[in-house]
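Single-structure report; data block below.
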Amino acid sequence: MSSFLSGQRSTQSDPEPLEFLSPGEVLWEEEMERLCNSKVPLQALPYAMMDKRLIRHLRKPDGIKISFGEQWKKKWQQVHQHFLDLGHRLMGIFGLWKTDLYEIGAYPCSSSHEPQPGLNQIHLHLWDIFTGRAFINTYLFYGSYRMGPESDSQYSIRLAYLLSPLTCLLLCFYGTVRRMVKGLLHKQLLGKDYRPRLSSKVFVSWDFCIRNREAAIIKQHSNSNEFKIELQEEQRALQIQQQTGKQRARQLLSYVGLNMCIGLLVVGGISAIYWATKFSQNYKDESLSLLLQYLSPGVISLVNSLGPLVFGFLVKLENYPPNTEINLTLFWCVVLKLSSLGMFLFSLRQQTMQCPGRNDHSSCEPHDYNPCNQCWENLVGQELYKLSIFDFFLMLAFAFLITLPRRLLVDNLSGQFWLWLGREEFLVPKNVLDIVAGQTVTWMGLFYCPLLPLLSSIFIFFTFYVKKYTLLRNCRPSPRLFQASSATFFFQLVLLLGLLVATVPLLYVISSHSSENCGLFSNYSAPWQVVPEALAMRLSPPALKVFHYFGSNAFWYPILILLSLALTACLSQSGANKRAIKGLRRQLQWQVREKWHLVEDLSRLLQESGGSDSWGPESLSSRPSRPRSFCPGFPCPGSPKPRSFMAGSTHSQEVYGIPTPFGEETT
Amino acid sequence: AEEDFSWFDLTEIELLRVKCLPHTLDVLRASSLYTPFHIQLSHKTQRARAHRRFIELLPPESRNVEDSLRVRVSTEQILTLPELKANPFRERICRVFSTAPERDSLSFEDFLDLFSVFSDAATPEIKSHYAFRIFDFDDDGTLNKEDLKCLVNCLTGDGQDTQLTSSEMKQLIENILEESDIDRDGTINLSEFQHVISRSPDFTSSFKIVL
């Protein structure tokens, strides 16, 4: 541009009055003026460097001294920017796994038979660790926290113990909702079925980080698949719309039938978990075999692995479009996972509340597995601890004992079977759901097993590296592209549901009866009673009155009413905005259509009156070459302008090329 | 006439490493008053890294600082970079960022422009602007049906099994135009393109090249 513009300026010795400039040049001058007068910083302008230099020169020609204030401001900005960069780099160092995630994203992506006398001890120790008995007297579990009666010292451990899980859950809720909302704001106007629109998929689908030829080919294949699937879905949707009422009723009936069938299977799976928990709790003290100890986690994992396979099989029978298949299967997997965890907790509670045929209220002793002991919180904590450990080791076992041998066999043996088997496909939804389930277990255990989050953090840390290794070395990429942005919202929603599943039992437990013989709340009717007592001990009567007011109905009903009013106002505002957008779109279409009618009329008139070659119909087909200006279309980015007006041509005449937008219809 | 070195804000150590003449050194030092244009590649090591990569593409006799600021590298040379080799849009990228009259060579400033637009720190507006220019295969300022056709062919590759049939292509392009063309003139202009892109959170992470 600078080369071109300097050429133009050299031909104009002094600025001509506006009416002698061609329309193209007028627009150009206006645009240059706009750029020079705007306050947009140079770095934010999308032009080449020499153009930016020109603009800077035009804005502030040489010779004008930079005032002291401006110099100081510039220096301050530089220092500020430097600090920001430093801060970002430091955060980058602390940001866990950032380079690993980049690497993954850019990649297309595994005792003797007679117990020796010495080994017995080790065996027993390991056993104790795996069942949690080793830690029963430590701070890992609820039961070992003890304290005398409440005093009005500054720190009340009871209050802290009670409020920490609640605060933690509240913070997690806030964090998750905030991320969801952030993602939602960027979300496009979703088409029907809440899928991202095809146009944005097309424009965004190429990942410019790809350097590998093979990765590029894989990406192209997956793009092609994605487009074809989307187009097929649309054809199907059109066909469905043309169905008769009877066919539609039949479709609906089969859909409902399928869902009911799967629902029954889910109920069956959950009751299996209930019975397994009941069985293992009833016979726990009679035999300490590994199977019984880990029966419940085992059954949960079994149900959660078989479930998706069965659901997928059933859904495929019905021959739905691929997106519907995936959504349906995913939905039921989520339901199964969360409800199995919920049922597990519920059945544990049931078992500890009912004491069939046992009436001794012996005190809570260590290593005592009397199911009727009064320290049921310890029991629940132990079960959740075992579940956590079991999930982690199961994941390790799958990664090293199934996926790795499979890869070795498939790569090194040749044969029809191995060719057909192939490497394992890395399913992102399944892995994400596993992580969400693990997090739900951690949240559930916050009250009963306070150090469980520490354990989970360690497990998650190692899980990441194991999964990274599995993905990069032992798996093949899924042929179906995984749309990250829309799925993120869905998975955050599932995380929120898991949070709910963990919070509701906790709230129930806090407000109900607690163990009499162990833990911090043995002298209270319900753990929540600590709060009013602690408040009463520490605050003066007027402050107490204020707190009572905050807890009473008189406060919350008006708040509720206000919130409903605010919600109504927001909804009506958004409705009004939608209508305004529709109206503006219509207006824009009319205006553009009107503009093109005028242009056609003009070209017709010129044709009739002029008759010279420049205006003839051949100019419609020939696209005169313009000097390559620095921005697409003329004169500047951002404003929709008609095409092919030239930016001050080097031709002697002005040639208006006026191809119509509906070029195919009018020759 | 003295070139404006205002963007070239290297530290002393980097200057010494690059082995330039004392005169050039003085000029470079004196120019530190001006704020560099490329805040995007703000960190000095990133710019120095870009300079090192650029110098590798030059013939051996021009591998010094003064020549590297003047000399242009042809598109064929740029296309040998590993970051661009597998990219189906590589020729378009070189064409868009080139400021030469024939659009067939890049100077160091153009090179810096390229990597700063594709870096993390460039704003989504700048990225979407340049994405529009890259996808505008006939350089007429709008995306019409032929542009979209070329775009989809680049995305799906040339293989027999991956290319879309003509009816599929037609359906796809009609879909795209229906969703994105707000004023219904049969083409997508820059504002409509930016509107579509702004709704898509994946764009900034996919429109990125790391040196």
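Convention: sequence-line order gives letters A, B, ...; per-chain numbering from 1.
- Both the backbone and the side chain of F207(B) have a heavy atom closer than 4.5 Å to some heavy atom of chain A.
- Residues N175(B) and L231(A) meet the side-chain proximity criterion, which asks for heavy atoms closer than 4.5 Å.
- Classified by interplanar angle (parallel below 30°, tilted 30° to 60°, perpendicular above 60°), the ring pair F208(A)/F89(B) is parallel.
- Residues H221(A) and D161(B) are in side-chain contact: their nearest non-hydrogen atoms beyond the backbone lie under 4.5 Å apart.
- Only the side chain of F227(A) comes within less than 4.5 Å of a heavy atom in chain B; its backbone stays farther off.
- Counting only distance, with no hydrogens or angles, the side chain of E83(B) and the backbone of R211(A) share no donor-acceptor pair below 3.5 Å.
- Interface remark: V592(A) contributes side-chain atoms only to the contact with chain B (heavy atom separation under 4.5 Å).
- Across A216(A) and A86(B), no two heavy atoms sit closer than the pair CB-O, 3.7 Å.
- Remark: I210(A) CD1 to K85(B) NZ distance equals 15.0 Å, nearest 0.5 Å.
- To the nearest 0.5 Å, atoms CD (E234(A)) and CG (L172(B)) are separated by 9.5 Å.
- Without hydrogens or angle criteria, Q220(A) side chain to Q163(B) main chain gives no donor-acceptor distance under 3.5 Å.
- With respect to chain A, the highest number of heavy-atom pairs below 4.5 Å among P88(B), C154(B), S107(B), S205(B) belongs to P88(B).
- At a 4.5 Å heavy-atom cutoff, the contact between I188(B) and chain A is made by side-chain atoms alone.
- Atom CZ in R585(A) sits 7.5 Å away from atom CZ in R184(B) (nearest 0.5 Å).
- Taking all atoms of both residues into account, the shortest heavy-atom contact from L155(B) to V202(A) is CD1-O, 3.3 Å.
- Interface summary for chain A: among F203(B), F97(B), Y130(B), the most heavy-atom pairs under 4.5 angstrom belong to Y130(B).
- Between L164(B) and S224(A), the shortest heavy-atom distance links the atoms CD2-O, 4.5 Å.
- Taking CD of E168(B) as the start and CD of E230(A) as the end, the distance is 12.5 Å to the nearest 0.5 Å.
- Counting heavy-atom pairs closer than 4.5 Å to chain A, the top residue among I209(B), D158(B), N87(B), V152(B) is N87(B).
- Only the side chain of L143(B) has a heavy atom closer than 4.5 Å to any heavy atom of chain A.
- Interface residue L151(B): only side-chain heavy atoms are found under 4.5 Å from chain A.
- Atom NZ of K228(A) has more than 12 neighbouring heavy atoms from other residues, nucleotides or ligands inside a 6.0 Å radius.
- Looking at L148(B), only its side chain comes within 4.5 Å of chain A, counting heavy atoms on both sides.
- For the set Q235(A), Q587(A), R586(A), the entry with the most heavy-atom pairs within less than 4.5 Å of chain B is Q235(A).
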